[in-house]
Amino acid sequence: MINYDLLLNDTNYELIHHQSIANKIDRFQVIIIHDRQPNFFDYNYLLNFPSENVRKKVDANRIFPRVKNETFVVRQQNYDDNVDLFFKMRVDARRELLAKATEFMIAKFFSTYESHLAPLLADKPTLKWDIINKLHDKYDKMLRAHVGLNDENSWNVFSTWYRTYLKNYTVNELIVKHGYDTLNALDKEELNALFLEKMSKSFASNDSFLNTFTTDVNAYIEKMVSEILVAFESEKNSMEQINELLGVSPNFSMHQPIEATVKTNNLVVMSNAVYQFITEAISNQKFICEADQWPRATIHGPKLEGSLQLLPNEESRTASQMNLLHGYAHTLSEVDVDVLDSLCHMYLAQSPQADKRVEVRIDDLLTIRGLKTKLGGTGRRGGYEKEQRTQVLKALSIIQALWMQLDSVVVYEQGKPITKNMQGRAFLFTNEDGSPFEFTEDVVSEHLFIKLGEVFNHFLQGSARQVKLLPNQAIELNPYQRKWEKKLIRYISWRWRTQARKASYLQPHKISTLLEKIGIQIDTQAPSRIRDRLEKALDLLEEEGVITFWQYNQWNEDSMSKKGWLRVWLDATIIIAPPDEIVSYYEPIERKKSVKTTTSFSLEQPKEKICKNIGSDFKECRIKRGLTLKQVSDQLKISTSYISNIERGGALPSQSVYKKMKEWLN
């Protein structure tokens with residue numbers, strides 16, 4: 001409960017000494033720096049939202065959470081000397097308060113309507129995310145339009161209350177600890193130094209203070225937004241807004257950029273041919289390094305022809321810089337592509353167009369990849385390791401050097417394909433003042449400002465917009481042990497985006513093309529190893545839900561026992577089906593037909609009926625006999641991954657393999 005006697009400075013007998021000390025305290029300002037992380041919802045968090053903890057906060061009207069943020073107490077004179085900097089921090093703090101209030105209102109909505117929403121949203125994270133985004137826009141606009149939250153005078157009143165509260169609390173603590181006589185004997189400078197030290201310690205480590213302070217600030221904020229809360233209560237148990245949200249949901253994404261809908265398990269990155277060329281050139285180390293030449297990768301295709309160079313700004317084109325970039329070109333890895341995709345996603349999340357500049361924190365490029373900070377000495381979260389940051393900075397310096405010289409590229413203007421030639425940077429990096437960002441070993445900046453190169457603006461306009469969903473595993477999987485899986489995710493996610501227009505997701509992939517696109521050289525000395533690794537990668541992607549299933553298309557396993565099977569296998573095709581959320585996400589951009597046909601991932605084959613239970617029967621029998629997949633594979637001369645896929649129902653055996661399995665069962 002707020003101690004209003006202290007806040008109102010009532011000068012009763014008990015507070016005379018208190019007021020005497022408080023009058024000697026110089027005016028001060030409190031600056032709180034909120035470390036707001038990008039809002040990448042965890043899939044399980046989204047399914048279980050609102051959690052029990054969130055519901056308790058809503059029931060207690062805890063709008064402003066108890067969080068230890070970086071807090072600085074500065075004297076008014078110091079504040080006035082740096083007024084522009086500190087005012088910006090104060091504005092950021094206001095925005096954070098509004099953001100917390102917005103999040104509280106969303107949680108309150110879900111808690112209030114839980115009985116209605118739970119059955120409607122069961123196992124529908126896409127729809128749930130739609131509603132969360134809708135509500136965020138609604139409450140954010142409502143709070144920003146509120147007179148009490150959009151008026152400088154109101155914030156000044158709050159600031160005065162805030163400082164008075166802190167001053168009286170801290171003075172009271174000092175009197176309890178040191179006594180009035182001791183404090184009164186101090187000169188003004190000593191007293192103020194002691195006061196600032198005590199307040200800073202309270203913010204840093206006094207749990208009792210933080211609990212009381214948070215409760216009292218919540219009461220004040222609740223009063224500020226009371227009109228909005230009253231309006232909310234008046235709508236309680238009204239199904240009108242629920243029906244409105246659910247009613248527009250199916251068509252909502254048709255009127256928004258495609259990345260404005262569900263992102264539960266995915267990032268959003270560009271999908272145009274130029275961006276795909278850049279990712280493949282880096283991932284597959286396609287840069288050629290010739291003496292006295294900058295590293296260059298080339299492409300010659302029907303829709304894209306040109307080159308990509310590692311070329312620094314003109315003033316940096318020195319021999320040492322060329323040697324450095326040659327070294328980078330020879331050591332490119334999936335880490336560099338991870339940073340590129342992360343950078344692209346973070347840009348598009350903040351700005352849908354290429355002509356805007358956005359701020360990116362270096363550590364966010366590590367956080368988005370699922371990397372954890374190491375613990376500090378006191379057991380609290382510390383920071384990322386130097387080696388991790390060094391990897392990111394190296395990747396950023398490579399991305400900064402990317403220069404495109406496109407002799408022929410197809411773009412769409414007013415729905416018509418047009419061939420153009422273009423050149424320019426992939427990304428532009430600057431400091432806050434707009435000067436070019438420089439990577440140096442001596443000075444490591446915590447953030448930078450980025451802007452997409454003009455080339456990409458052609459692919460982010462209106463109906464010509466080309467972006468795709470990229471499963472999170474593409475950047476979260478280990479870049480060395482799971483390299484095959486990462487490369488496959490990037491390629492097939494791009495193919496799904498290109499197939500979305502016709503909804504032709506079951507179009508087979510030629511094995512030789514898959515291997516070429518992920519940069520795998522065919523080893524004629526150990527081809528079985530390549531096949532096993534590819535099948536293992538696809539199995540793992542299926543197990544992790546990145547793909548719904550994969551299977552060979554019209555494949556005859558008998559070919560494996562014949563001479564020259566490698567050529568036959570490379571010409572074979574594989575079907576790789578996307579998960580339902582990918583199909584639903586792209587549905588608005590499908591070319592509409594006169595009769596809507598439902599996409600089905602069940603392949604109708606004449607043998608399907610007789611093969612229906614072969615996988616489960618085979619697995620049950622194998623386990624009863626105490627045999628491993630490898631042992632059965634050696635007996636039947638069928639690959640281990642193929643048998644595993646059949647056992648799980650992810651593939652149907654060919655007639656010859658089916659015959660072998662039936663004979664083995666009998």
Side-chain angles (χ1 to χ4, degrees), residues 37-38 40 42-43 259 263 265-272 274-287 297 308 310 328-350 358 360-374 383-402 426-427 429 439 444 446-448 450 452 456 467-494 497 517-520 537 540-541 544 546:
Q37 297 295 321
F40 301 115
D42 176 78
Y43 182 73
E259 65 269 24
K263 309 182 186 69
N265 293 316
N266 305 276
L267 307 178
V268 175
V269 299
M270 290 183 289
S271 65
N272 57 75
V274 178
Y275 187 79
Q276 184 65 19
F277 168 48
I278 293 174
T279 57
E280 288 185 14
I282 296 175
S283 177
N284 299 333
Q285 296 186 358
K286 289 187 175 182
F287 289 90
L308 177 69
L310 294 181
Y328 284 169
H330 290 303
T331 58
L332 292 170
S333 71
E334 290 306 296
V335 174
D336 302 310
V337 192
D338 290 345
V339 175
L340 175 65
D341 280 333
S342 301
L343 202 66
C344 183
H345 170 78
M346 294 172 73
Y347 182 91
L348 293 178
Q350 298 181 63
V358 303
V360 170
R361 295 175 66 243
I362 301 298
D363 281 1
D364 287 346
L365 293 170
L366 292 163
T367 303
I368 193 175
R369 290 166 53 204
L371 300 177
K372 304 298 183 184
T373 55
K374 65 178 181 180
Y384 290 103
E385 296 177 1
K386 182 179 179 181
E387 182 181 354
Q388 293 174 314
R389 287 198 175 97
T390 300
Q391 278 189 324
V392 169
L393 292 174
K394 176 210 165 193
L396 288 173
S397 62
I398 291 170
I399 296 169
Q400 185 185 44
L402 292 174
F427 280 87
F429 298 167
F439 294 94
V444 180
E446 293 185 357
H447 60 93
L448 72 160
I450 66 171
L452 285 183
F456 289 129
V467 295
K468 71 173 183 180
L469 281 185
L470 179 70
N472 290 342
Q473 288 91 333
I475 65 169
E476 291 179 354
L477 294 178
N478 187 289
Y480 305 106
Q481 291 146 2
R482 302 290 299 278
K483 182 165 64 174
W484 281 58
E485 289 80 10
K486 290 167 73 72
K487 287 171 174 279
L488 281 169
I489 292 171
R490 286 194 170 93
Y491 176 67
I492 62 177
S493 65
W494 177 62
R497 177 61 178 84
K517 291 297 183 181
I518 66 175
I520 305 302
L540 289 171
L541 294 184
E544 293 169 0
V546 177

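Note that the structure is predicted; figures quoted are calculated from it, not measured. Each residue takes its place number in the sequence, starting with 1.
Atom CD of E485 sits about 10.0 Å away from atom CG of N478, to the nearest 0.5 Å. Taking CZ of R497 as the start and CG of L470 as the end, the distance is 13.5 Å to the nearest 0.5 Å. In this structure, the separation between CD on Q400 and CG on L393 is 11.0 Å, given to the nearest 0.5 Å. In this structure, CG in N266 is found 6.0 Å from CG in N472, a value given to the nearest 0.5 Å. Rounding to the nearest 0.5 Å gives a distance of 11.5 Å between OG1 of T367 and CD1 of I362. Rounded to the nearest 0.5 Å, atoms OG (S283) and OH (Y491) are 13.0 Å apart.
In terms of heavy-atom proximity, I399 sits nearest to D336 at CD1-O, 4.3 Å. Taking every heavy atom of both residues into account, L332 and A281 meet most closely at CD1-O, 4.4 Å. Of all the heavy atoms in A474 and I489, the pair that sits closest is CB-CG2, 3.6 Å. Closest of all the heavy-atom pairs between A297 and F277 is O-CZ, 3.7 Å. Nearest approach of K486 to Q473, heavy atoms of both residues: CG-O, 4.2 Å. The shortest heavy-atom contact between S493 and K468 is OG-NZ, 3.1 Å.
In terms of modelled atom types and a separation under 3.5 Å, the side chain of H447 and the main chain of V360 share no donor-acceptor contact. Using modelled atom types, one side-chain atom of N272 and one backbone atom of V274 make a donor-acceptor pair closer than 3.5 Å.
With salt bridges taken as basic N to acidic carboxylate O contacts below 4.0 Å, one links R490 and D338.
With a 4.5 Å cut-off on side-chain heavy atoms, W484 and I518 count as touching. With contacts defined as side-chain heavy-atom distances shorter than 4.5 Å, the pair F429/L343 qualifies. Contact annotation: the side chain of I282 approaches that of F287 to within less than 4.5 Å [non-hydrogen atoms, C-beta and beyond]. When side chains are defined from C-beta on, L340 does not count as touching V269, because their heavy atoms never get closer than 4.5 Å. Counting heavy atoms from C-beta outward, L477 and E544 have side chains that approach closer than 4.5 Å. L488 is not listed as a side-chain neighbour of V546, based on a closest heavy-atom distance of 4.5 Å or more. Between I368 and H345 there is a side-chain heavy-atom pair separated by less than 4.5 Å. The shortest side-chain heavy-atom distance between N284 and K487 falls under the 4.5 Å cut-off.
Checked by atom type, the side-chain pair S271/Q276 shows no donor-acceptor distance below 3.5 Å.
Counting non-hydrogen atoms of neighbouring residues, nucleotides and ligands closer than 6.0 angstrom, the NZ atom of K286 exceeds 12 such neighbours.
Between K394 and the choices T390, I398, V392, the side-chain contact (heavy atoms from CB on, under 4.5 Å) rule is met once, by I398. A side-chain contact (heavy atoms from CB on, under 4.5 Å) with R369 holds for exactly one of D364, D341, I475; it is I475.
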Take L402 and L310, measure what side-chain contact (heavy atoms from CB on, under 4.5 Å) needs, and give me the verdict at the end. CA-CA 5 Å; L402 292 174; L310 294 181; 3.6 Å; yes
List the steps, then state whether side-chain contact (heavy atoms from CB on, under 4.5 Å) holds for V358 with M346. CA-CA 9 Å; V358 303; M346 294 172 73; over 6 Å; no
